[in-house]
Amino acid sequence: MAKVKICGISHEVEINIMNELRPDYIGFVFWSKSKRFIAPEHAGLLKSKLRRGIGAVGVFRNASLESVAMCVEVANLDMVQLHGDETVEYIAALREYIRRPIIKAFKITTAIEAERAMSTPADYAMLDAGTGDGKTFNWSLIGTHNRRAYFLAGGLNAGNAAEALSITPQPYCLDVSTGVELNRLKDYRKCMQFILAVRNFKRKK
């Protein structure tokens, strides 16, 4: 069964929803240009209210090693997600800095890009539409062979989660943000429906 990550958490009311619905991961966005940006200190306060067993992932874009390490410490992060132009060398250096699992996101528009993403030295690849506008990419580009654990993102919602799972080789985790929002806040019903869609999915034999 695929796991669920709900990204872009920035308010205590959203933490309350997460504590009740219990996704596997939540995401805090530390890229200052994002509409979901959260300060490390605020993220740390929210993390302190998060139910044990739900992992907190920090999302970064071309941040310095020192900045990522500071956020990991202040917000007590469990994983780090990279959404910029981070190199293989950067990932290796960051791993020594933070000692946390690393997710590297890739914008997928071709099968070759999907193949390259799977070879990242990060602990997990994230295959994403990369636009942040709630649109999906062509999931069939991933192919049929799941060679490693990966996150699937981009335009997901309760209405298409089962389709995404049926087309792709079993993802480790489905990542959602816009698809479970109402008025730019995480919506209880949409979050619940998404989580149920993922956890109730059964692949046809």
Side-chain angles (χ1 to χ4, degrees), residues 1-29 31 34-38 50-51 53-57 59 79 81 83 103-111 113-114 117-118 124-146 148-205:
M1 181 173 66
K3 297 183 182 297
V4 173
K5 174 171 170 279
I6 298 182
C7 200
I9 301 297
S10 58
H11 295 81
E12 187 169 346
V13 67
E14 295 176 319
I15 288 290
N16 295 337
I17 292 172
M18 299 303 107
N19 285 340
E20 183 170 346
L21 297 181
R22 303 191 192 186
D24 301 282
Y25 302 100
I26 65 165
F28 296 124
V29 179
W31 182 45
S34 170
K35 61 186 178 183
R36 300 182 183 89
F37 168 76
I38 186 170
L50 186 66
R51 182 188 289 270
I54 302 174
V57 181
V59 181
M79 299 176 75
Q81 181 176 321
H83 261 273
I103 308 163
K104 179 67 181 83
F106 297 86
K107 180 179 179 180
I108 305 302
T109 60
T110 68
E113 288 172 339
M118 290 296 195
Y124 301 93
M126 175 176 282
L127 309 186
D128 193 359
T131 56
D133 57 4
K135 294 183 180 180
T136 62
F137 68 94
N138 181 357
W139 297 316
S140 66
L141 294 173
I142 300 174
T144 58
H145 302 290
N146 185 3
R148 62 175 298 168
Y150 70 97
F151 285 66
L152 184 65
L156 294 170
N157 55 57
N160 64 16
E163 181 185 4
L165 287 168
S166 67
I167 292 174
T168 60
Q170 187 68 49
Y172 169 74
C173 183
L174 265 62
D175 185 303
V176 66
S177 186
T178 304
V180 292
E181 288 183 346
L182 183 64
N183 298 324
R184 293 178 63 172
L185 283 174
K186 299 302 180 279
D187 178 73
Y188 180 94
R189 170 175 270 189
K190 289 186 175 185
C191 289
M192 178 182 66
Q193 290 173 336
F194 183 81
I195 291 170
L196 288 175
V198 175
R199 292 181 176 167
N200 291 339
F201 173 78
K202 289 182 173 58
R203 188 176 296 273
K204 295 180 181 179
K205 295 182 180 179

(message) Could you tell me if the side chain of S177 sits less than 4.5 Å from the side chain of K186, heavy atoms only?
(response) yes
(message) The test is side chain to side chain contact (heavy atoms under 4.5 Å, CB included); show your working for Y150 and M118 and say whether it passes.
(response) CA-CA 8 Å; Y150 70 97; M118 290 296 195; 3.6 Å; yes
(message) Please find the pair of heavy atoms, one from A125 and one from A117, that lie closest to each other, and give the distance.
(response) CB-O, 3.5 Å
(message) Is there a side-chain contact between L127 and F137 in this structure, where contact means two heavy atoms from C-beta onward sitting under 4.5 Å apart?
(response) yes
(request) Return the minimal non-hydrogen interatomic distance between N19 and R22, and the atom names on each side. (result) O-CG, 3.6 Å
(request) Run through Q193, E20, E14 and flag the one making a side-chain hydrogen bond (donor to acceptor under 3.5 Å, both in side chains) with Y188. (result) E20
(request) Would you mind reporting whether V59 and C7 have side-chain heavy atoms less than 4.5 Å apart? (result) yes
(request) Please confirm whether the backbone N or O of G155 pairs with a side-chain atom of T136, one donor and one acceptor, at under 3.5 Å? (result) no
(request) Identify the two heavy atoms, one from K3 and one from V198, that lie closest to each other, and give their separation to 0.1 Å. (result) O-CG1, 4.2 Å
(request) Please report the closest heavy-atom contact between A162 and F201, naming both atoms and the distance. (result) O-CE1, 3.5 Å
(message) Are K190 and N157 packed together at the side-chain level, in the sense that at least one heavy-atom pair is separated by less than 4.5 angstrom?
(response) no
(request) From the options I108, I142, L165, select the one residue that forms a side chain to side chain contact (heavy atoms under 4.5 Å, CB included) with L152. (result) I142
(message) Within the structure provided, determine whether F151 and V57 are in side-chain contact (heavy-atom separation under 4.5 Å).
(response) no
(message) Are the side chains of R199 and M1 in contact, using a 4.5 Å heavy-atom criterion?
(response) yes
(request) May I ask you to say whether R36 pairs ionically with E181, meaning some side-chain N is under 4.0 Å from a carboxylate O? (result) yes
(request) Quick one: closest heavy-atom pair of K107 and A129, and the distance? (result) CG-O, 3.3 Å
(request) Decide yes or no for L174 and V4: does some side-chain heavy atom of the first lie under 4.5 Å from some side-chain heavy atom of the second? (result) no
(message) Go through it in stages, so that I can follow the logic: the residues are D175 and Q81, the test is side chain to side chain contact (heavy atoms under 4.5 Å, CB included), and I'd like the CA-CA distance, side-chain angles, deciding distance and then a yes or no.
(response) CA-CA 12 Å; D175 185 303; Q81 181 176 321; 4.0 Å; yes
(request) Determine whether D128 and H83 make a side-chain contact, defined as any pair of heavy atoms from C-beta on separated by less than 4.5 Å. (result) yes
